[in-house]
**Q** 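Let me give you the structure first, and then I'll get to my questions.
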Amino acid sequence: MIASSASGLRREIAGASVAELAETYGTPLYAYDAEVIRHRCRDLAAWDTVRFAQKACSNLAVLDLVRREGVLVDAVSTGEIHRALAAGYAPHAAKAASGDALPPADPIVYTADIFDRDSLDAVVKHGIHVNCGSADMIEQLAERMPGASITLRVNPGFGHGHSQKTNTGGEGSKHGIWHEEIPDVLRRAEWAGLQVSGLHMHIGSGTDLAHLAEVAGALERVAIEVGRSLTTVSAGGGLPVPYKPGEVHADLSGYFTLWDATRKRLEDRFGHRIRLEIEPGRYLTAESGFVITEVRAVKKQGGRKYLLVDAGFNTLARPVLYGSYHPMSVCPRGEEPSHGAEDVAVGGPLCESGDIFTQTDGGFVATRSLPTASVGDLLVIEIAGAYGFVMASNYNSKPLPAEVLVDGGTHRLVRARQTPEDLVRGECV
Ligand SMILES: *Cc1c(COP(=O)(O)O)cnc(C)c1O
């Protein structure tokens with residue numbers, strides 16, 4: 001489970017040959033290591049509910065894999081509700097057991113700041129639980145699903161994220177219901193005849209644990225305003241993963257202990273059990289994913305050497321969107337040992353100067369020390385299993401790549417590469 005070998009060479013992913021994967025499925029290709037995903041699910045076993053924020057990686061095979069690990073799912077759109085149902089999730093929980101038991105958890109929760117008309121229809125049709133990020137959703141839901149239970153996504157008035165674009169709290173964020181509005185929103189819910197059964201906060205990705213801890217305190221204060229109808233508390237997502245050398249995993253048990261203490265104080269106050277949820281996206285899949293791409297040109301622009309590969313920001317957008325760092329390694333086509341390393345910039349095929357994988361925040365082209373590669377060698381972009389394929393696009397009329405799941409040395413296609421026909425489907429002249 002080492003992200004990348006120190007040598008910068010990688011010939012295998014989960015026991016499968018990188019060269020064979022490229023040969024079998026073509027490039028660029030997303031490959032996921034199933035066992036890494038299982039491990040990440042099990043890391044969070046202390047929580048009553050692990051709810052996968054599927055927007056990080058929503059391939060049906062991945063959803064099926066986490067479902068078999070007992071992980072529930074979050075949906076932010078009609079399409080994600082459809083995916084969850086297609087992957088075998090039940091639309092809603094069975095009726096609550098009476099007595100001392102934990103309240104049942106809904107397999108699918110719709111979390112968003114709006115209902116578009118389609119998503120409201122889908123929620124009503126399937127009886128999906130809703131986590132409301134805007135007060136206007138309350139009346140919209142009440143009209144169609146009288147008496148429903150809802151949870152509220154709270155903006156605690158502060159936030160944090162690894163970039164301005166991933167900050168999800170504070171005045172700079174559109175997400176959630178502003179903490180000072182909660183008493184008013186509770187009155188609106190009561191007036192509309194909806195039960196507020198839980199609270200949720202998700203305030204930013206890639207954040208440090210000390211900061212996440214502040215969230216628990218803020219949520220506890222709001223929970224007391226909600227009162228005894230509260231049976232679920234969600235800590236949201238945002239668990240970081242190490243992308244850069246030297247970064248480490250978060251202290252998961254410390255994080256759980258902190259939220260568990262919050263939960264226990266609320267249980268004592270209310271006199272009933274409270275379900276504690278966590279809602280990771282990135283954490284469950286980031287490290288499982290690899291983009292396998294082929295070097296198609298090697299050239300010098302003045303003093304700088306460029307490797308141009310057949311994946312671009314149409315394949316993996318995080319570098320151009322956020323200046324994100326991804327480890328990279330080289331898989332030489334032949335068996336001969338690599339001859340040294342060199343500093344190179346890595347770019348893709350798009351007619352767009354931002355199509356560079358080795359860029360820093362602000363779009364500056366940087367270089368990376370990689371084993372010397374030539375045309376035909378494969379370049380593996382690592383830790384690409386979250387916000388990777390799901391953000392891929394058809395820009396420059398490039399097909400979406402194929403996805404494969406590698407499990408114990410065997411591999412299978414879980415999404416076919418798009419065809420030229422797929423690219424013009426629905427168009428007419
Ligand atoms: C994106 C998102 C998550 C997951 O965020 P990660 O940083 O990938 O863990 C969790 N909850 C909600 C509501 C989200 O929008």
Side-chain angles (χ1 to χ4, degrees), residues 36-37 40-41 43-44 47 49-59 62-63 66 71-77 79-81 83-84 105-106 108-115 119 128-134 137 150-156 159-170 173-177 198-209 211-212 215 219 232-243 247 249-250 252 255-256 259 276-289 317-318 321-322 324 326 383-391:
V36 171
I37 299 176
R40 291 294 168 258
C41 293
D43 287 348
L44 300 173
W47 299 73
T49 303
V50 180
R51 187 176 297 285
F52 179 41
Q54 66 167 293
K55 72 176 197 279
C57 185
S58 58
N59 184 288
V62 171
L63 296 185
V66 302
V71 168
L72 306 183
V73 76
D74 195 29
V76 299
S77 66
E80 287 193 356
I81 290 172
R83 282 183 178 280
D106 285 296
I108 306 172
V109 168
Y110 176 81
T111 290
D113 295 306
I114 64 159
F115 288 119
S119 60
I128 308 277
H129 180 89
V130 176
N131 182 31
C132 300
S134 300
M137 295 171 75
I150 54 169
T151 43
L152 301 180
R153 175 173 180 173
V154 181
N155 179 338
H160 192 34
H162 63 69
S163 92
Q164 275 309 319
K165 291 173 193 156
T166 58
N167 178 20
T168 56
S173 167
K174 66 171 181 172
H175 294 298
I177 297 170
L199 289 178
H200 166 277
M201 279 189 195
H202 168 71
I203 66 157
S205 299
T207 172
D208 60 280
L209 224 44
H211 187 86
L212 285 167
V215 185
L219 188 134
T232 304
V233 159
S234 173
L239 284 178
V241 303
Y243 285 97
E247 290 179 348
H249 280 110
L252 294 179
Y255 187 52
F256 173 76
W259 275 99
L276 187 56
E277 290 201 7
I278 189 165
E279 197 177 62
R282 176 187 322 279
Y283 184 79
L284 296 190
T285 59
E287 294 158 285
S288 77
R318 296 186 72 248
L321 281 177
Y322 314 117
S324 302
H326 284 270
I383 319 192
Y387 309 105
F389 181 90
V390 291
M391 286 188 167

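When reading the values below, keep in mind they use all heavy atoms of this one structure, side chains included, and skip hydrogens, waters and symmetry mates. Note that ligands are numbered from 1 as they come in the structure, with each ligand's atoms numbered from 1 the same way.
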**Q** For ligand 1, which atoms, with element, lie under 4.0 Å from some heavy atom of Gly237?
**A**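 Atoms satisfying the 4.0 Å criterion: 9 (O), 10 (C).
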**Q** So, Phe115 versus Tyr110, ring centres under 6.0 angstrom or not?
**A**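 Judged by ring-centre distance (under 6.0 Å), Phe115 and Tyr110 do meet the cut-off.
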**Q** Is it the side chain, the backbone, both or neither of His202 that has a heavy atom closer than 4.0 Å to ligand 1?
**A**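 Under 4.0 Å from ligand 1, His202 contributes side-chain atoms alone.
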**Q** Quick one about His175 and Asn155 (side-chain donor to acceptor, distance below 3.5 Å, no hydrogens or angles considered), yes or no?
**A**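 No donor-acceptor contact under 3.5 Å links the two side chains.
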**Q** Run the numbers for me: atoms of ligand 1, each under 4.0 Å from some heavy atom of Arg153, listed by number.
**A**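 Taking each heavy atom of Arg153 in turn, ligand 1 has 13 (C) under 4.0 Å.
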**Q** What atoms in ligand 1 come closer than 4.0 Å to a heavy atom of Tyr387?
**A**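 Atoms satisfying the 4.0 Å criterion: 1 (C), 4 (C), 5 (O), 6 (P), 8 (O).
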**Q** If you count the atoms of ligand 1 from 1 in the order shown, which ones are under 4.0 Å from a heavy atom of Ala53?
**A**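 Selected atoms, number and element: 3 (C), 4 (C), 10 (C).
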**Q** Which pair of non-hydrogen atoms, one from Asp43 and one from Leu252, has the smallest distance, and what is that distance?
**A**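 Heavy-atom minimum between the residues: CB-CD1, 3.8 Å.
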**Q** Going by the closest heavy atom to atom 10 (C) of ligand 1, which one wins out of Gln54, Met201, Glu279?
**A**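 The nearest heavy atom belongs to Glu279.
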**Q** Under the ring-ring contact (aromatic ring centres under 6.0 Å, His included) test, which residues partner Phe389, sequence neighbours left out?
**A**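 So Phe389 forms a ring-ring contact (aromatic ring centres under 6.0 Å, His included) with Tyr30.
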**Q** Can you give me the closest heavy-atom contact between Ala286 and Val241, atom names plus distance?
**A**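 Closest approach of Ala286 to Val241: CB-CG2, 3.9 Å.
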**Q** So if I count the atoms of ligand 1 from 1 in the order they appear, which ones are less than 4.0 Å from some heavy atom of Gly238?
**A**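 Numbered from 1, ligand 1 contributes 5 (O), 6 (P), 7 (O), 9 (O).
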**Q** Suppose I only count heavy atoms of Thr111 and a 4.0 Å limit; which atoms of ligand 1 are within that range?
**A**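 Within the 4.0 Å cut-off of Thr111, ligand 1 contributes 13 (C).
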**Q** Can Glu287 and Arg40 be counted as an ion pair, charged N to O under 4.0 angstrom?
**A**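 Looking at Glu287 and Arg40, the cut-off is met.
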**Q** Can you find an N/O atom of Tyr283 closer than 3.5 Å to an N/O atom of ligand 1?
**A**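 By distance alone, the answer is no.
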**Q** Does one side chain, of His326 or Arg318, offer a donor that lies under 3.5 Å from an acceptor on the other?
**A**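 Present: a donor and an acceptor within the cut-off.
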